[in-house]
Amino acid sequence: MRLSRYFLPILKETPSDAQIASHRLMLRAGMIRQASAGIYSWLPLGYKVLRRIEQIVHEEQQRAGHIPLLMPTIQSADLWRESGRYDDYGQEMLRIRDRHDRDMLYGPTNEELITDIFRSHVQSYKDLPLTLYHIQWKFRDEVRPRFGVMRGREFLMKDGYNFDLTKEDALHSYNRHLVSYLRTYERMGLQAIPMRADSGPIGGDDTHEFLVLADTGESEVFYDSQITDLKFGDRAIDYDSHDACRAVLEEFTSRYARTDETHDEAEFAKVPEERRRTARGIEVGQIFYFGTKYSEPMGATVLGPDGTRSPVHMGSHGIGVSRLVGALIEANHDDKGIIWPEEVAPFQIGIVNLKQGDTDADAACEGLYQGLKSRGLDPLYDDREERAGAKFATMDLVGCPWRITVGPRGLKNGVVELTSRRTGESEEMSPEAALDRCAQIFAGV
RNA sequence: CGGGCUAUAGCGCAGUCUGGUAGCGCGUUCGUCUGGGGGACGAAAGGUCGUGAGUUCGAAUCUCGCUAGCCCGACCA
């Protein structure tokens, strides 16, 4: 993309409403614009990141064998009356009345809808196991939205629901989700630690939250420092294998890691003192096993091999897609701006033309721009009539992980400069070599 | 939902106490010089001062209502 033709309304000054880094930087980098309290428009740059994250979530869900669908944002209150949650959910649920005076609501989650779909189409154990998910906007009418997209009222979330014949199968679904979540977050360049959590209004017995460590996190967390050394990496795993998934779960949850909701001082004291850590964390996902909590009242049953009908065992699993944009920035920024991990960067490489209008510089930039695109990369070419300093500041702010700097001075010696946003280290090389290096850097992404 | 605060140009702010023709910085437009980390000079555009009522000869400024937004707490993915 040529910056001169893009829509990137960056701000030089910090809007006074923004308190934390991600909110401030998202506004400054022209990623979002507040529409009303806790509700945001996603401007082109922010939308691009949101889509990258969404794409990774989709790929990893399907890798684990989960099936995508799409349910509506507006739901009928009737289903919620059936599950008993219409009255339980409280003020957080945005209630709407349509022209026929029917009670509707903007869905804060989708257990009721999915259970309704399941019960009307699935009657046999032969159709199990089944895990359906979607990525859809939700609305929770928070009393006090804050921190930009980290705690908005409208948010994009992946929510998935597993249906299994037995508790044992459902627990495998739970474990499988934990494994696939580990992979998902790691692919985004994030470390998210599974911690034992509280089940809240979803209800249920087993639940883990995934937390990204960050000073601005909303929860206080307590953990054994060994846990941050764990990496899922690119190990191959058979998602259908109960044993394999359980082994990963045990590996990642055997050490102490809890949020303040479930924190137990006595248990924590058993961790060697030098490994005890207290920090803050941002919740970016949660998995639940809740058995027959919805299937029983809503009549989601199947016939088993023995001919008897029984309610299915369920769980639900969420990833806060829009919140992840904020969490990623909280975990990846400096005083100059955002530092995107390669996997989610809105633009992978920035090209800075130091002297717009200079024949050699223009031609070299053009060649790099086309060359990167033909290698399947997504560059942002700053071709504006701006001074060098302004262009550098813009690139640093929007956080392209790599930058190619092109100026007449370097071109006299046949070189351009390739700079890592993260380390700040630069290397001079020919334009052709820069193209090859970029292709190599992003080959695995 | 308790407590505190704010609303003046696209953004950040001053002006309000003490009523008298609305200002600064950044950004934007045009021109010239510049050109390796938000450059300089010159010119210009841009505001019914959140909204409604009241007091007054006169209201951004004083009074009351309303709306929106922010912060702390409780709550929450």
Side-chain angles (χ1 to χ4, degrees), chain A residues 9-20 23-24 27-28 30 33-39 89-93 107-110 137-159 181 192 195 197-202 207-212 217-219 259-261 281-288 316-327 335-337 352-358 361 382 384-397 403-412 415-417 419 424 426 428:
Chain A
I10 60 169
L11 302 173
K12 207 161 165 180
E13 279 169 290
T14 303
S16 59
D17 286 354
Q19 304 296 313
I20 64 169
H23 189 195
R24 198 169 62 233
L27 289 168
R28 285 235 294 135
R33 176 174 168 82
Q34 181 166 321
S36 59
I39 302 176
Y89 217 91
Q91 294 284 298
E92 300 231 313
M93 185 154 74
T109 176
N110 289 63
W137 293 93
K138 308 282 191 291
F139 196 92
R140 288 185 196 169
D141 199 0
E142 295 284 343
V143 196
R144 192 183 156 212
R146 63 186 122 170
F147 303 152
V149 300
M150 296 258 287
R151 190 162 163 202
R153 293 194 291 171
E154 189 182 52
F155 56 99
L156 187 62
M157 179 174 167
K158 171 253 142 182
D159 47 321
Y181 277 26
M195 299 197 182
D198 200 44
S199 62
I202 308 284
T207 178
H208 280 90
E209 284 180 343
F210 287 77
L211 286 113
V212 172
E218 74 271 54
S219 331
T259 64
D260 47 8
E261 294 166 331
I282 301 165
E283 192 194 326
V284 293
Q286 187 161 10
I287 55 177
F288 301 90
S316 71
H317 318 276
I319 291 179
V321 174
S322 51
R323 164 176 270 209
L324 269 169
V325 180
D335 54 347
K336 288 185 281 192
V352 169
N353 187 345
L354 292 174
K355 191 167 183 181
Q356 207 68 42
D358 178 274
D382 192 343
R384 297 172 301 164
E385 283 291 340
E386 285 288 346
R387 314 252 318 174
K391 292 189 177 186
F392 287 137
T394 300
M395 282 299 174
D396 289 344
L397 177 61
R403 186 185 77 209
I404 302 177
T405 310
V406 181
R409 197 181 296 173
L411 288 175
K412 278 206 186 81
V415 297
V416 296
E417 195 179 72
T419 307
S426 289
E428 292 196 333

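Chain letters run A, B, ... following the sequence lines, proteins first and then strands; every chain starts at 1. Because the structure is predicted, anything quoted here is derived from the model rather than measured.
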Are there any protein N/O atoms within less than 3.5 Å of an N/O atom in nucleotides 71-74 of chain B, and if so, which ones and at what distance?
unit_1	atom_1	unit_2	atom_2	d
C72(B)	OP2	R144(A)	NH1	3.3
C72(B)	OP2	R144(A)	NH2	2.1
A74(B)	N6	R146(A)	NH2	3.2

Quiz item: Taking atom CZ of R146(A) and atom CD1 of I20(A), what is their separation to the nearest 0.5 Å?
Solution: 10.0 Å
Quiz prompt | salt bridge (Lys or Arg N to Asp or Glu O under 4.0 Å) involving D141(A) - partner list, sequence neighbours excluded | solution =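 If we apply the salt bridge (Lys or Arg N to Asp or Glu O under 4.0 Å) test to D141(A), skipping adjacent residues, the hits are R153(A).
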Could you tell me the Watson-Crick or G-U partner of [N], where both distances fall under 3.5 Å? Say none if there is no partner.
| N | value |
| --- | --- |
| A53(B) | U63(B) |
| C17(B) | none |
| G47(B) | none |
| A9(B) | none |
| A74(B) | none |
| A22(B) | none |
| G31(B) | C41(B) |

Can you tell me how far [atom2] of [N] sits from [atom1] of [X], to the nearest Å?
| X | N | atom1 | atom2 | result |
| --- | --- | --- | --- | --- |
| I282(A) | C76(B) | CD1 | P | 18 Å |
| L27(A) | C26(B) | CG | C1' | 17 Å |
| R323(A) | C76(B) | CZ | P | 13 Å |
| F139(A) | C76(B) | CZ | P | 18 Å |

Distance between [atom1] atoms of [N] and [M] (Å, rounded):
| N | M | atom1 | result |
| --- | --- | --- | --- |
| G47(B) | U6(B) | P | 27 Å |
| G4(B) | C11(B) | P | 29 Å |
| U67(B) | U51(B) | P | 15 Å |
| U8(B) | G50(B) | P | 6 Å |
| A60(B) | U21(B) | P | 10 Å |
| G27(B) | A45(B) | C1' | 13 Å |
| U16(B) | U63(B) | P | 14 Å |
| G20(B) | G58(B) | P | 15 Å |

Could you list the donor-acceptor pairs under 3.5 angstrom formed by side chains in residues 385-392 of chain A, with sequence neighbours left out?
unit_1	atom_1	unit_2	atom_2	d
K391(A)	NZ	N353(A)	O	2.7
K391(A)	NZ	Q356(A)	OE1	3.0
K391(A)	NZ	D382(A)	O	3.1
K391(A)	NZ	R384(A)	O	2.9

Quiz item: Is there a donor and acceptor pair, one atom on the side chain of E13(A) and one on the base of G25(B), closer than 3.5 Å?
Solution: yes
Exercise. Side chain of Q34(A) only, please: which of C75(B), G69(B), G25(B) is the nearest?
Key: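 Of C75(B), G69(B), G25(B), G69(B) is nearest to the side chain of Q34(A).
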Do [X] and [Y] have side chains that approach each other closer than 4.5 Å (heavy atoms only, starting at C-beta)?
| X | Y | answer |
| --- | --- | --- |
| K138(A) | E154(A) | no |
| V284(A) | Y181(A) | no |
| E218(A) | I282(A) | yes |

Quiz item: Where each residue is assigned the nucleotide of RNA chain B containing its nearest heavy atom, which of F155(A) and A37(A) is assigned the position nearer the 5′ end?
Solution: A37(A)
Looking only at atom types and distance, does a side-chain atom of [X] sit under 3.5 Å from a main-chain N or O of [Y], one as donor and one as acceptor?
| X | Y | value |
| --- | --- | --- |
| R28(A) | K12(A) | yes |
| R140(A) | P108(A) | yes |
| R151(A) | P145(A) | no |

Quiz item: Listed by chain and number, what are the ring-ring contact (aromatic ring centres under 6.0 Å, His included) partners of F139(A), not counting sequence neighbours?
Solution: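 So F139(A) forms a ring-ring contact (aromatic ring centres under 6.0 Å, His included) with Y106(A).
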Self-check item: Residues forming a side chain to side chain contact (heavy atoms under 4.5 Å, CB included) with S16(A), sequence neighbours excluded
Solution: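 For S16(A), no residue satisfies side chain to side chain contact (heavy atoms under 4.5 Å, CB included) once neighbours in sequence are set aside.
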Quiz item: Which part of the nucleic acid does G152(A) contact within heavy-atom distance under 4.0 Å: base, sugar-phosphate only, or nothing?
Solution: base
Quiz item: OP1 or OP2 of C70(B) sitting under 4.0 Å from any side-chain N/O of S16(A)?
Solution: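 Checking C70(B) against S16(A), no side-chain N or O comes under 4.0 Å of OP1 or OP2.
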Practice problem: Sugar-phosphate means primed atoms, P, OP1 and OP2; the rest is base. With that split, encode nucleotides 35-43 of chain B 5' to 3' as B, S or - using protein heavy atoms under 4.0 Å. | Solution: BBBBB----
